[in-house]
Amino acid sequence: MNTRQYRLLGLCALLGLLVLYYLSNGQSGGGGPKIDLDSPEEKLKIENYKKAMRDLALQFDPAGEDGARADVYQALLSKQATETAALPTPAVVAPGAAADEPAFPEAHPSDGDAANDNPLKAPLVAQEKSVGGRKNSPDGKVVPNKPDADDKSGSGAASDDDEETKVQKELNDILAKRGPVVVFSKTYCPYSKKAKHILQDFYTIVPAPYIVEIDQHPQGPALQNALETLSGRRTVPNVFINGKSIGGGDDVEALHMRSKLMEKIKDLGGKRLTSIATKMAAMVPNPGGDKKE
């Protein structure tokens, strides 16, 4: 016998002794009142004692109520196993089957088009592949790879080229057709005002100098970029004589102060320059002592 069984026997013996003691005291006329074992109260007490002993015995006896619970649990397991066996078994791909063959049942003819019902069974559509500026059509023919009508990837570059062409044409027209002396200026620039003052107020030039105010020209910024490419100068003023730049405001002032400006204009103007002369009135000081501006 193991320890559990010994404890059970001991507990039962203890309870038996307590019952015998209770009965013996009740039947003897000793110091306590006499107990009537046939009364309902005493019968209820005896039944409670028996129930308590039976519960204690079931707690330690593996063949008692615990065994019944084990039988119920085993029945539940058997029922679950039966229900699981009734479920459909999923298809398993055989080891020798192709790796890309899907493990699905074939579509029944009455269900419609198998290719439409099962997308994995749909036939592969040949894709057009572009190679070396050409592409392969689904029938195997090689056709030139034409750009799409909606493709605007090259339209930006084409637009830039058109704009550059327009600016270059405008610059050439100004330098070739507007006169031998051209001044690219800005209305608010003091150096531009100085160059224009010297050329217009100190000299009589025929044809008269042509002034291009870049800040008021619709293509002003682009013209300024083109001038930088042509002459290496981005700043204003930029004075041209017969298509050649002679510098800015300080350069024109230095030539004027050394009496070299008229000679420079004559040499570069060529046949396009009709005449040039100094305005003597501009050289005469004002009564107030200031030069005319």
Side-chain angles (χ1 to χ4, degrees), residues 154-293:
S155 61
S159 178
D160 293 342
D161 293 342
D162 293 343
E163 183 66 23
E164 185 177 353
T165 301
K166 292 178 181 179
V167 171
Q168 191 62 45
K169 183 179 182 301
E170 176 67 13
L171 180 59
N172 293 338
D173 289 345
I174 292 173
L175 295 177
K177 300 178 182 179
R178 302 301 181 182
V181 181
V182 179
V183 181
F184 292 92
S185 166
K186 289 185 178 180
T187 56
Y188 55 83
C189 175
Y191 295 97
S192 298
K193 293 178 180 179
K194 178 171 64 175
K196 290 183 288 186
H197 168 64
I198 293 174
L199 291 171
Q200 292 176 330
D201 296 341
F202 285 90
Y203 299 91
T204 301
I205 304 173
V206 181
Y210 183 77
I211 310 300
V212 180
E213 300 293 356
I214 290 180
D215 58 322
Q216 297 179 347
H217 195 282
Q219 296 175 305
L223 276 176
Q224 193 167 4
N225 293 335
L227 286 171
E228 181 181 12
T229 303
L230 178 64
S231 65
R233 291 178 58 88
R234 182 176 178 81
T235 58
V236 292
N238 199 345
V239 181
F240 281 79
I241 308 297
N242 204 13
K244 183 176 181 180
S245 175
I246 63 171
D250 291 340
D251 299 318
V252 171
E253 183 181 33
L255 290 171
H256 172 67
M257 296 302 295
R258 297 199 312 265
S259 301
K260 298 290 185 180
L261 182 58
M262 188 167 63
E263 180 182 355
K264 188 77 168 178
I265 294 175
K266 285 181 179 180
D267 292 341
L268 296 177
K271 296 180 179 181
R272 296 182 62 194
L273 181 66
T274 302
S275 65
I276 181 172
T278 59
K279 294 181 179 181
M280 298 306 297
M283 305 296 293
V284 178
N286 291 333
D290 296 332
K291 291 185 179 181
K292 180 182 177 182
E293 294 185 359

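Positions are given from 1, in the same order as the sequence printed here. What you see is a predicted model, and the numbers here were worked out from it, not measured in a lab.
In this structure, the salt bridge (charged side-chain N to carboxylate O under 4.0 Å, His left out) partners of Lys177, at least two apart in sequence or on a different chain, are Asp173. In this view, Thr274 satisfies the side chain to side chain donor-acceptor pair (under 3.5 Å) rule with no residue, not counting sequence neighbours. Taking the side chain to side chain donor-acceptor pair (under 3.5 Å) definition, one finds that Glu164 meets it with nothing, sequence neighbours left out. Considering only residues two or more places apart in sequence or on other chains, Asp267 meets the side chain to side chain donor-acceptor pair (under 3.5 Å) condition with none of them. Applying the side-chain contact (heavy atoms from CB on, under 4.5 Å) test to Lys264 and every residue at least two apart in sequence or in another chain returns Ile246, Leu255, Leu268. Scored by the salt bridge (charged side-chain N to carboxylate O under 4.0 Å, His left out) test, Arg234 finds Glu228 as partners (sequence neighbours excluded). With sequence neighbours left out, Glu263 forms a salt bridge (charged side-chain N to carboxylate O under 4.0 Å, His left out) with no residue at all. Every residue meeting the side-chain contact (heavy atoms from CB on, under 4.5 Å) condition with Ile205, not counting sequence neighbours, appears here in chain and number order: Val181, Leu199, Tyr203, Pro209, Ile265, Leu273, Ile276. Scanning for salt bridge (charged side-chain N to carboxylate O under 4.0 Å, His left out) contacts around Glu170 gives an empty result, with sequence neighbours left out. By the side chain to side chain donor-acceptor pair (under 3.5 Å) test, Asn242 is found to be paired with Arg272, residues two or more places apart in sequence or in another chain being considered.
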Next item on the list: In sequence, state the C-alpha distance, the side-chain angles, and the governing distance for Tyr188 and Asp215, and then conclude on side chain to side chain contact (heavy atoms under 4.5 Å, CB included).
Entry: CA-CA 9 Å; Tyr188 55 83; Asp215 58 322; 3.8 Å; yes

Item checked: Stepwise side chain to side chain contact (heavy atoms under 4.5 Å, CB included) check, Val236 with Tyr191 -> CA-CA 7 Å; Val236 292; Tyr191 295 97; over 6 Å; no

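Separation of atoms CD (Gln219) and NZ (Lys166) is listed at 8.0 Å; rounding is to 0.5 Å. Rounded to the nearest 0.5 angstrom, Thr187 OG1 and Ile214 CD1 are separated by 11.0 Å. If you take OG1 on Thr204 and CE on Met262, they are separated by 10.5 Å, rounding to the nearest 0.5 Å. Here the CZ atom belonging to Phe240 is positioned 5.0 Å from the CG atom belonging to Leu230, to the nearest 0.5 angstrom. Taken to the nearest 0.5 Å, the CZ atom of Phe184 stands 9.5 Å off from the OG atom of Ser245. Taking CD of Glu253 as the start and CG of Leu261 as the end, the distance is 11.0 Å to the nearest 0.5 Å.
No side-chain heavy atom of Thr165 sits less than 4.5 Å from a side-chain heavy atom of Lys169. Counting heavy atoms from C-beta on, the side chains of Asn238 and Gln224 never come closer than 4.5 Å.
Of the possible polar contacts, one joining the Thr229 side chain to the Asn225 backbone as a donor-acceptor pair under 3.5 Å is found. Of the possible polar contacts, one joining the Lys279 side chain to the Gln200 backbone as a donor-acceptor pair under 3.5 Å is found.
For the ring-ring contact (aromatic ring centres under 6.0 Å, His included) condition, no pair includes a residue of residues 204-228, sequence neighbours left out. Within the structure, salt bridge (charged side-chain N to carboxylate O under 4.0 Å, His left out) contacts touching residues 184-193 (residues at least two apart or in different chains) do not occur.
Nearest heavy-atom pair, Val239 versus Ala195, reported as atom, atom and distance to 0.1 Å: CG2-CB, 4.5 Å. Scanning both residues, Gly249 and Pro237, for their nearest heavy atoms gives N-CG, 3.3 Å.
Side chains of Glu213 and Ser185: a donor on one and an acceptor on the other come within 3.5 Å.
Electrostatic pairing of Asp201 and Lys196 does not count as a salt bridge here, judged by no charged N lying under 4.0 Å from a carboxylate O.
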